Amino acid sequence: MKFFALSSFTAILLAVLTTLALVAMYFLKLRHRRMMIASSMLWSRVLARQEERSLWEKLRRILSIIFVVIIGLLMVFAIARPEIDGLTGSTGRTLIVLDSSPSMSTRMSDGRTRWQHAVDTASTIVDSSGFGSEFRIADTSGQYDSPYMNGKDEAKQAIRTLRPIAATPRFPETDDSDTHIYFISDGVAIPQVPESARKFITYDAARNFAITAFEVRPIVSAPLQYEAYLEVTNFGNDARRTTINISEGGQGHIRREVEIQPRQSYRETLDLSPFEGGGIRATIQTDGDALATDDVAYSYLPVKKKTKVMLVTKGNAYLQTALKLDSFVDVSIVDPKDYREDPITDAYVFDDFAPAAQPSKPALIVGIGNGTQSVSWLPRPTGIVEKPSFTAWQDDHPVMKYLSLHDVSIAKATTIAPTSMSVLATSGETPLIVASPASAAAARWVLLTFSLQESDFPVHESFPLFVDNALAWFGREHPALRRTTGIVEVPIINAQITGPDGKALASRGYLDRTVFEAREPGLYVATKDGLRQYVAVNLMSRQYSNVNHPALNWGSEIKPAARILKHEVWFYLLFLAVILLGVEWFTYHRRITL
Amino acid sequence: MPLFDDEFRKKLEYLSIISKRVFAGHFRAERRATRRGTGVEFADYRQYVPGDDFRHLDWKAYLRLNKLILRLFEEEEDLPIYFFIDASQSMTYGNPVKLDYARRVAAALAYIGLANLDRAYMTAYAEKIRAELPPQRGKGRIFKVFRFLEELVPGGETNARESFKTYCTEARRRGLAVVISDFMDPAGFQSGLDILRHFRHDIFVIHVASHEEIEPVLKGELVLVDSESNVSREITVTPALLSDYRTEFKHFCDEFEEYCSKYQLGYIRTATDYPFEDLVLKVFRQGRFLK
């Protein structure tokens with residue numbers, strides 16, 4: 001027994017003093033009034049008969065004392081606010097961890113999900129805990145870990161805000177102050193659980209068909225052609241038929257009906273040539289499927305369209321060849337003096353030339369020389385550097401991806417004023433390749449500070465790759481990034497995230513990425529500076545979709561024991577004291593106890 | 001207020017008239033004694049023996065039978081009425097005081113007795129005979145009775161057995177013993193009455209109880225002090241206890257009545273707030289007092 005309002009010593013001392021005081025008061029009676037009567041003969045007979053009457057009569061006085069002492073003690077202990085673990089639940093700092101792995105969304109035989117059962121169990125634990133308990137609510141995704149809170153309602157509210165989410169399961173850090181640790185799980189994805197934790201399981205075997213792989217990828221041998229790789233796995237214990245549908249917004253549609261044996265997968269590479277492009281959705285339909293999250297998968301098929309590039313040059317065989325060989329590019333060549341903006345052009349390539357006004361579409365400027373000196377939208381040339389060499393480059397920038405520039409020889413390059421720009425490659429302190437800053441509002445541009453004629457860069461294998469990277473960075477659609485539901489990271493700084501329903505999602509920007517939470521599978525869009533990057537968020541995990549597990553020897557419990565008393569003990573003590581007072585008053589007035 | 005004022009005397013006169021009217025023919029002054037004597041009512045004949053009063057010879061019978069036949073007459077004698085008035089300390093309680101009530105009842109009955117030419121013996125007792133009035137006869141002696149009753153000094157414990165024993169062992173004629181008491185005798189009400197029965201008195205019991213005894217109005221923590229013995233007893237008066245007391249009192253009265261019925265004693269119980277004249281009439285109706 002613990003006391004909240006008083007220390008144990010004080011409570012016991014008060015109880016003893018109260019008992020002594022009440023007993024003493026009981027014997028300190030009022031002075032009896034003397035009354036002369038004619039004869040006590042009859043009174044003596046009555047009293048003698050009363051004394052003889054029964055044991056009850058003899059015990060009546062002691063009973064009355066006991067009554068009063070009990071009432072006094074009940075009041076004292078009520079003031080001390082006792083708590084008895086067996087009656088009101090144990091008190092202490094209570095850590096409740098819910099397994100938030102996606103398998104917790106599996107529907108159980110009663111129609112409710114494992115997660116709903118887990119929430120109920122957690123709420124029961126809160127309810128069955130002592131009234132002085134503090135609660136810390138956490139999940140295994142690491143995304144939620146509340147501070148300790150006193151209120152039960154607050155704790156239950158926190159429990160209700162949790163959702164299953166895909167993440168590597170991990171048990172929150174515990175310390176000695178956590179008196180009680182509870183872990184509620186379906187036992188599918190179990191993190192390292194402390195020995196002292198009490199485990200509650202919400203599980204029954206379930207059927208589950210899952211899309212375990214769905215990827216749209218280009219066909220290497222056919223530019224602008226894509227295929228999809230699909231894998232559907234039966235995680236149930238019996239063979240069942242499933243219907244697979246792959247569809248897009250347009251005419252493309254593929255349907256399969258297959259029977260998959262238990263623990264087996266159906267795999268197929270699908271030709272997406274009938275598909276026009278855009279979001280693609282793969283779904284499976286199976287009778288009695290317990291987990292819906294993995295029955296759908298999304299991807300993005302880039303629209304099959306070549307980038308229209310206007311090459312503004314007086315003649316550059318390297319550039320012309322590289323652009324003409326690029327299967328994603330439809331090039332047109334224009335002399336600098338004939339240059340004017342063309343609305344149908346997707347990107348410009350300026351060779352030793354730059355227009356006075358920045359074009360509305362992205363531009364690759366190769367060489368900064370006489371033709372570009374008076375251009376205000378580009379960095380101002382400050383001088384010439386002889387025989388620079390690439391000493392460093394940002395290989396994580398989309399333009400510089402997969403490039404090797406170690407052995408590129410450059411006769412001379414133009415030094416430029418350090419203005420606002422992204423330096424992609426340098427020779428020591430001298431920028432050799434720069435790009436428009438990430439935050440620039442206008443169209444993108446990439447600038448080489450050296451002329452192709454004054455270097456051997458065009459003859460390196462990195463050159464066509466560089467040109468293609470630059471054009472791709474300018475706006476070519478890419479296949480979607482593939483991510484798992486839960487916390488999603490996109491390698492775009494401060495991107496604005498749009499959900500499958502078109503509504504903006506909250507996101508956090510980090511130095512090199514944007515992070516957001518994708519609760520449901522779908523096609524998300526990360527937008528930055530007019531660039532759209534699709535993010536296909538799917539569960540697609542054998543670990544999460546495998547909702548069954550062999551017999552779990554986990555020492556787990558099904559349900560926490562509900563506490564006996566609904567309110568604090570003091571409430572019942574006081575209530576009992578009031579009842580006894582009433583009884584005592586009633587019996588006193590009827591002279592039963594006195 | 002004097003005990004026997006003019007109002008009281010008027011009531012006595014009234015009772016006397018009522019008693020004569022209602023109970024005519026039952027007057028004790030005309031009571032025939034079992035002894036033959038000098039009365040006027042013929043009773044029997046017997047042979048004359050020398051020494052007999054020859055004035056009672058029946059000469060007509062002598063002429064017819066040639067024998068001396070003596071006419072016998074029933075002797076008319078007065079009845080001794082012994083009034084035993086409890087003058088113990090317990091009789092000083094009640095409102096009106098039990099003793100005062102007893103004195104009035106005794107005076108009333110004595111007056112009626114005197115008026116009917118009976119001899120009235122007035123005796124006050126407690127632990128012993130406390131006061132005694134020589135036998136009185138005739139209405140004119142009522143003032144002596146009044147004085148005796150007025151001068152009674154109450155006190156002492158009740159011991160009827162000892163008192164009656166002392167009284168009856170002296171040579172007394174058998175008569176009507178009227179006992180007026182609350183009968184709060186530690187030895188029991190029977191102890192005294194048994195003595196009177198033993199001496200073959202005709203007994204009439206007037207049980208006087210105060211209202212406070214019948215329906216005590218007590219409450220709370222009390223020390224009850226017995227007025228006679230001064231023995232005290234702490235009690236907490238509860239409704240249940242009061243109920244038990246009332247049951248006990250009723251039991252006491254029932255037992256008393258049963259005793260009187262068993263031995264054919266006249267018994268009347270009265271409360272002190274009951275008008276004494278009504279009580280006296282009640283006594284008359286019982287028929288035992290006036291034969």
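The model shown is predicted, which means the values in this text are computed figures rather than measured ones. Quick note on labels: first sequence line is chain A, next is B, and so on, each numbered from 1.
- Taking a 6.0 Å sphere around NZ of A:K156, one finds it holds more than 12 heavy atoms contributed by other residues, nucleotides or ligands.
- Taking all atoms of both residues into account, the shortest heavy-atom contact from A:M36 to B:N230 is CE-OD1, 4.2 Å.
- With a threshold of 4.5 angstrom between heavy atoms, B:Q89 does not approach chain A through any atom at all.
- For B:E213, the part lying under 4.5 angstrom from a heavy atom of chain A is the side chain only.
- When atom types are taken as modelled, the side chain of A:R33 and the backbone of B:K219 share a donor-acceptor pair closer than 3.5 angstrom.
- No more than 12 heavy-atom neighbours from other residues, nucleotides or ligands sit within 6.0 angstrom of CD on B:E258.
- In this structure, the side chain of B:S90 does not engage the main chain of A:A38 through any donor-acceptor pair within 3.5 Å.
- Looking at A:W43 and B:L218, their side chains come closer than 4.5 Å, going by heavy atoms from C-beta outward.
- The part of B:D185 that comes within reach of chain A is its backbone (N, CA, C, O), which places non-hydrogen atoms under 4.5 angstrom from that chain.
- B:R246 is not listed as a side-chain neighbour of A:L42, based on a closest heavy-atom distance of 4.5 Å or more.
- Atom-to-atom distance recorded for A:M41:CE and B:E248:CD is 8.0 Å, nearest 0.5 angstrom.
- In this structure, chain A has heavy atoms under 4.5 Å from both the backbone and the side chain of B:L241.
- Heavy-atom pairs under 4.5 Å with chain A were tallied for B:D182, B:D226, B:T92; the largest tally goes to B:D226.
- With rounding to the nearest 0.5 Å, the separation of CD1 in A:I37 from CG in B:L222 is 9.5 Å.
- To the nearest 0.5 Å, atoms CG (B:D244) and CZ (A:R45) are separated by 14.0 Å.
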